[in-house]
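The structure under discussion appears below in the form of structure tokens.
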Amino acid sequence: MHIIKLFLFIIPLVISSKIDRDDSSYDSVSPEPKSRFAMLDDVKILANGLLQLGHGLKDFVHKTKGQINDIFQKLNIFDQSFYDLSLQTNEIKEEEKELRRTTSKLQVKNEEVKNMSRELNSKLESLLEEKIVLQQKVIYLEKQLTSLIKNQPEIQEHPEVTSLKTFVEQQDNSIKDLLQTVEEQYRQLNQQHSQIKEIENQLRRTSIQESTENSLSSKPRAPRTTPFLHFNETQNVEHDDIPANCTTIYNRGEHTSGIYPIRPSNSQVFNVYCDVKSDSSWTLIQHRTDGSQNFNETWENYRYGFGRLNGEFWLGLEKIYSIVRQSNYILRIELEDWNDNKHYIEYSFHLGNHETNYTLHLVEISGNVPSALPEHKDLVFSTWDHMAKEHVNCPESYSGGWWWHNVCGENNLNGKYNKPRAKTKPERRRGLCWKSQNGRLYSVKSTKMLIHPKDSESSE
């Protein structure tokens with residue numbers, strides 16, 4: 001542009017000089033050769049200016065081409081980014097549709113549970129009314145009988161009255177049993193209703209979290225919901241021949257690992273998995289192998305147990321306490337990492353009841369892996385919906401219920417199951433992990449937690 005301006009500035013000067021020379025030629029007669037030389041100089045000046053103008057235009061064209069190429073490259077990058085964003089948007093829309101379908105299914109189930117709850121409430125009310133009516137009749141009959149006995153003490157009781165009393169008592173017992181059954185069903189329905197509400201809340205939180213993460217990165221994540229499974233428990237009836245633990249079963253000649261019923265002292269009968277080792281049998285209280293069972297459960301489920309005894313499960317804090325309160329017990333933890341290396345560690349331990357939030361106190365005995373659980377300290381069990389006072393709120397950031405002290409993420413065998421192996425350290429800390437006191441963090445593939453009476457100790 002500067003060259004063009006220079007050229008436009010030179011041309012008028014050349015033209016004006018030519019005009020002046022023409023005018024001077026009229027005023028004074030000069031020789032013909034001199035005028036020709038003057039015109040030749042003007043032509044040289046003009047040609048030089050045109051040459052410079054051509055060079056300037058050439059440079060300008062090169063610069064313009066370079067700028068146009070840069071613009072095209074930026075447009076290509078913009079098109080690729082726009083295409084990637086459209087793909088991410090489609091993925092988010094598909095996940096949102098899936099979440100909506102899941103939410104609609106849960107809402108339908110919730111309505112079914114509500115209808116069943118209403119029906120049970122109506123039946124319970126009708127049973128209560130019948131019970132009141134029968135109680136009134138029984139009271140009336142008792143008064144009549146009392147008056148008859150007082151008025152005629154020498155006369156024996158009439159057979160019809162005796163049969164009527166027996167019938168009324170049987171009816172009253174039947175109604176009581178029926179009421180207990182209805183109340184138990186009502187409690188289970190309320191528990192399922194609360195679980196459905198919890199799943200809905202988790203879906204909402206997952207939807208919000210995934211929307212935020214997908215807006216910041218291109219790694220979509222779909223929520224995983226795991227159905228809750230109950231153990232097959234037996235009735236609370238008298239069984240004199242049922243053993244109190246797996247060691248007693250082993251001593252009776254049962255040397256095969258499997259599911260057996262036990263009845264600890266002052267407890268109901270329930271099933272456990274007995275894991276037979278070299279010279280004894282251990283009670284399995286926790287088992288994780290493939291992540292098929294969701295361990296981010298509520299306090300109520302951790303208290304009474306969940307999962308399948310022949311798969312992944314948590315036996316339940318109440319059942320564990322009913323076993324270990326009989327005598328001194330050993331806690332054995334078996335770990336297997338993603339390189340198929342197997343480790344174990346054994347502790348002497350004491351477990352408190354529900355009033356202490358099942359406080360755990362440990363002392364290490366032996367093992368081939370460094371200890372990660374604090375010793376000689378009170379470890380309080382907490383879940384995301386039940387956290388003890390004056391303790392850190394670890395379950396809010398680290399999934400699964402566990403015995404915590406004052407540091408989150410040091411170890412958590414009930415955390416999220418990461419498969420395949422988590423690549424980053426924060427992911428491993430928030431999942432199934434075991435961090436020893438020397439600072440090494442083990443990412444765990446499978447775990448077993450077993451208990452065994454101390455007086456018949458077995459070591460590997």
Side-chain angles (χ1 to χ4, degrees), residues 230-287 299-307 309 313-334 344-367 373 375-381 401-403 413-414 448-460:
H230 292 277
F231 299 131
N232 293 324
E233 295 191 7
T234 59
Q235 297 288 336
N236 186 18
V237 295
E238 293 296 331
H239 298 281
D240 294 334
D241 58 340
I242 293 182
N245 53 39
C246 290
T247 303
T248 306
I249 295 173
Y250 183 86
N251 294 334
R252 291 183 180 181
E254 294 289 346
H255 297 167
T256 304
S257 298
I259 300 173
Y260 297 92
I262 65 170
R263 187 184 67 177
S265 60
N266 300 323
S267 177
Q268 294 182 349
V269 178
F270 56 88
N271 291 330
V272 296
Y273 190 95
C274 296
D275 192 350
V276 176
K277 298 194 178 293
S278 57
D279 58 354
S280 185
S281 180
W282 294 66
T283 304
L284 193 59
I285 65 173
Q286 186 255 34
H287 193 199
W299 170 262
E300 197 72 11
N301 293 338
Y302 266 102
R303 186 177 178 187
Y304 295 107
F306 55 86
L309 288 174
F313 72 93
W314 173 260
L315 182 61
L317 293 165
E318 198 63 31
K319 296 185 181 74
I320 299 170
Y321 175 71
S322 68
I323 296 172
V324 301
R325 71 181 176 182
Q326 301 177 109
S327 63
N328 295 324
Y329 268 73
I330 296 171
L331 171 65
R332 179 184 175 94
I333 298 176
E334 297 181 356
Y344 82 97
I345 189 168
E346 293 180 359
Y347 297 95
S348 173
F349 76 101
H350 172 77
L351 182 68
N353 58 15
H354 70 281
E355 295 178 354
T356 66
N357 292 311
Y358 301 99
T359 299
L360 182 66
H361 194 84
L362 297 171
V363 178
E364 182 182 355
I365 299 176
S366 63
L373 297 172
E375 298 182 52
H376 306 287
K377 294 181 181 179
D378 292 333
L379 307 178
V380 179
F381 199 93
W402 191 246
W403 286 281
L413 301 186
N414 289 337
K448 281 185 179 181
M449 296 179 66
L450 312 99
I451 56 175
H452 187 275
K454 195 173 183 180
D455 54 3
S456 56
E457 178 176 343
S458 143
S459 60
E460 184 170 308

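Just so it is clear, the model here is predicted, and its values are computed rather than measured. Residue numbers count from 1 along this sequence.
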(message) I'd like to check Val269 versus Ile262 (side-chain heavy atoms, cut-off strictly below 4.5 Å). Are they in contact?
(response) no
(request) Please check if the side chain of Lys377 supplies one atom and the backbone of His361 the other of a donor-acceptor pair under 3.5 Å. (result) no
(request) Grab the two heavy atoms, one from Ser257 and one from Val276, that are nearest each other, plus how far apart they are. (result) OG-N, 2.9 Å
(request) Quick one: sort the Tyr358 and Tyr321 rings into parallel, tilted or perpendicular, breaks at 30° and 60°. (result) perpendicular
(message) For Ser281 versus Thr247, what's the shortest heavy-atom pair and its separation?
(response) O-OG1, 3.6 Å
(request) Can you establish whether the number of heavy atoms outside Asn353 located under 6.0 Å from its atom CG is more than 12? (result) yes
(message) With heavy-atom distances below 4.5 Å as the criterion, would you say the side chains of Val272 and Leu309 are in contact?
(response) no
(message) Show, in sequence, the C-alpha distance, side-chain angles and deciding distance for Tyr347 and Arg332, and conclude whether the side-chain hydrogen bond (donor to acceptor under 3.5 Å, both in side chains) test is met.
(response) CA-CA 6 Å; Tyr347 297 95; Arg332 179 184 175 94; over 6 Å; no
(request) Can you see which heavy atom on Ile242 is nearest to which on Arg263, and at what distance? (result) CG2-N, 3.5 Å
(message) Using modelled atom types and a 3.5 Å cut-off, is there a donor and acceptor pairing between side-chain atoms of Arg325 and backbone atoms of Ser265?
(response) yes
(request) Would you name the heavy atoms of Glu334 and Lys277 that are closest together and state the gap between them? (result) OE2-NZ, 2.8 Å
(request) Report yes if some heavy atom in the side chain of Leu413 is under 4.5 Å from a heavy atom in the side chain of Gln286; otherwise report no. (result) yes
(message) When you compare the side chains of Asn245 and Tyr329, does any donor N or O come within less than 3.5 Å of an acceptor on the partner?
(response) yes
(request) Kindly say whether Glu364 contributes a backbone atom to a donor-acceptor pair with the side chain of Glu375 at under 3.5 angstrom? (result) yes
(request) For the pair Trp402 and Phe381, evaluate ring-ring contact (aromatic ring centres under 6.0 Å, His included) and give the outcome as yes or no after the intermediate values. (result) CA-CA 5 Å; Trp402 191 246; Phe381 199 93; 7.3 Å; no
(message) If you define the side chain from C-beta out and look only at heavy atoms, does anything of Ile323 sit under 4.5 Å from Ile451?
(response) yes
(message) Could you check whether any side-chain heavy atom of Ile345 comes within less than 4.5 Å of a side-chain heavy atom of Leu331, counting everything from C-beta outward?
(response) no
(request) Mind listing the closest non-hydrogen atom pair of Cys246 and Thr283 along with its distance? (result) SG-OG1, 3.3 Å
(message) As a quick check of understanding, evaluate ring-ring contact (aromatic ring centres under 6.0 Å, His included) for His255 and Tyr250, giving each step before the final call.
(response) CA-CA 6 Å; His255 297 167; Tyr250 183 86; 4.1 Å; yes
(request) Determine the minimum heavy-atom distance between Pro264 and Ser322, stating which atoms define it. (result) CB-O, 3.3 Å
(message) Assess the residue pair Lys454 and Ser348 against the criterion (side-chain hydrogen bond (donor to acceptor under 3.5 Å, both in side chains)); give the C-alpha distance rounded to whole Å, side-chain angles, the decisive distance to 0.1 Å, and a yes or no.
(response) CA-CA 8 Å; Lys454 195 173 183 180; Ser348 173; 3.3 Å; yes
